[in-house]
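Data block below; observations after.
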Amino acid sequence: MPALVDPSDPGLAVQWPLPPQQPIHPGDGEEPGASSTDRRLRLGVMASGNGSNFEALVGACRRGELAAEVVLLAVNKPGCGAVARAERLGIPIQLHDHRQAASREGLDDALAASFRAVNADLVVMAGWMRIVTQRLIDAFPDRLVNIHPSLLPSFRGVDGVGQALAAGVTLTGCTAHLVRLEVDGGPILVQAAVPVVAGEDRAALARRIQAQEHRILPLAVQLAGERLGLL
Ligand code: GRF
C-alpha cells in the first residue's frame, strides 16, 4: 500500500491565496485605494467561543509573523473562553451581548462603532457564532475576514466538520475568506487541506482542522491588508 501523503503538511504548501491581481468584486479592474505603508494593521477580533483562533492571531502578531496588532476583542458571550485568553494576553475586551441588542442590525452597529473607536483597519470573525448583517459588512468593506472549518464552498453554515464527516469526504480543511451577506460565501483568501483519517471521530478531525486554521488565518489577514494597500 502506498504511503499516505498528508496534504496539510506545511512542506506541501497546500494553500491557495487569491492572487493579488484578481479583483475582489467581479468586474472591478482597479485595486482599492491607499498607498502602501510599513505600518502595522490594527485588528479587531470578534469571538463567541474558545478563542483559539484569536490567540493564534495575537501570537502571530507578537512573533512578528503578521504586521499587525490586535487592539480589541469583542465577544457576545460573557465568560467565553476567548475572554480568559484576552485577559491573560492583555488585550482589551468589550462585551456585545446579542441578548441585549434590539436587532441584528443594532448589534452590528454597536460592533462597528466599537471597532471604529479604536481605529481598527480590519476585523476578524474568529468563531463568531452570529449571522452578521450588511451593516457590519458595509462598515468594513473588504475588511471583514471569517474563518470556517471546511473547504468552501462545501459545507457552509453550522458544523462544517460534522457535515464533511457525514458526507464521507476524504479531504476537508478550512477557509479564510472575506465576509459577504451570504453565509460563508465571500471571496476566498486562503485555504488549507486536511485529510479525513478512517475511523477518526469528529473531535479529532476538528482538532487537526483547527491547527490549520491557526496557520492560515494570519496569512489571510496579511493578504487582505496587502490587497487593500494597507501593508
Ligand atoms: C473555528 O473552528 C472556526 O472555523 C469556526 O469557529 C471555530 C472557532 O474556534 N468559525 P476558536 O473559538 O477560535 O477556538
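For ligands, and for the atoms within them, numbers begin at 1 and follow the listed sequence.
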Practice item. Determine the sole option in Val123, Leu122, Val118 for which the side chain to side chain contact (heavy atoms under 4.5 Å, CB included) test with Leu43 is passed. Key: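 With Leu43 as partner, Val123, Leu122, Val118 yield a single side chain to side chain contact (heavy atoms under 4.5 Å, CB included), made by Leu122.
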
Practice item. Among Asn146, Val132, Asp142, find the residue that satisfies the side chain to side chain contact (heavy atoms under 4.5 Å, CB included) test when tested with Arg180. Key: Asp142

Check your understanding: Mind checking whether Trp128 and Val145 sit in one hydrophobic cluster, side chains of I, L, V, M, F, W, Y counted as touching below 4.5 Å?
Key -> no

Review point. Transitively linked via ILVMFWY side-chain contacts under 4.5 Å: Leu144 with Leu57?
Key: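 Leu144 and Leu57: separate clusters.
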
Check your understanding: Is the backbone of Leu107 close enough, under 3.5 Å, to the side chain of Arg135 for a donor and an acceptor to pair up by distance?
Key -> no

What I want to know is whether [X] and ligand 1 share at least one N or O pair that is separated by under 3.5 angstrom.
{"X": "Asn146", "value": "no"}
{"X": "Gly51", "value": "yes"}
{"X": "Phe54", "value": "no"}

Among all protein heavy atoms, pick out the one at the shortest distance from [atom]; state its residue, atom name and that distance to 0.1 Å.
{"atom": "atom 4 (O) of ligand 1", "value": "Glu213 OE2, 2.5 Å"}
{"atom": "atom 9 (O) of ligand 1", "value": "Gln210 NE2, 2.9 Å"}
{"atom": "atom 6 (O) of ligand 1", "value": "Gly127 CA, 3.5 Å"}
{"atom": "atom 14 (O) of ligand 1", "value": "Ser52 OG, 2.5 Å"}
{"atom": "atom 5 (C) of ligand 1", "value": "Ile147 O, 3.9 Å"}

Practice item. For Asn50, take its heavy atoms, then give the atoms of ligand 1 lying under 4.0 Å from any of them. Key: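 Atoms satisfying the 4.0 Å criterion: 12 (O), 14 (O).
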
Exercise for review: For His148, counting its heavy atoms only, list the atoms of ligand 1 lying under 4.0 Å from any of them.
Suggested key: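 Heavy-atom distances to His148 below 4.0 Å select 4 (O).
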
Review point. So does Arg202 pair up with Asp159, basic N to acidic O under 4.0 Å?
Key: yes

Review point. Hey, are the side chains of Ser114 and His96 touching, using non-hydrogen atoms and a 4.5 Å cut-off?
Key: yes

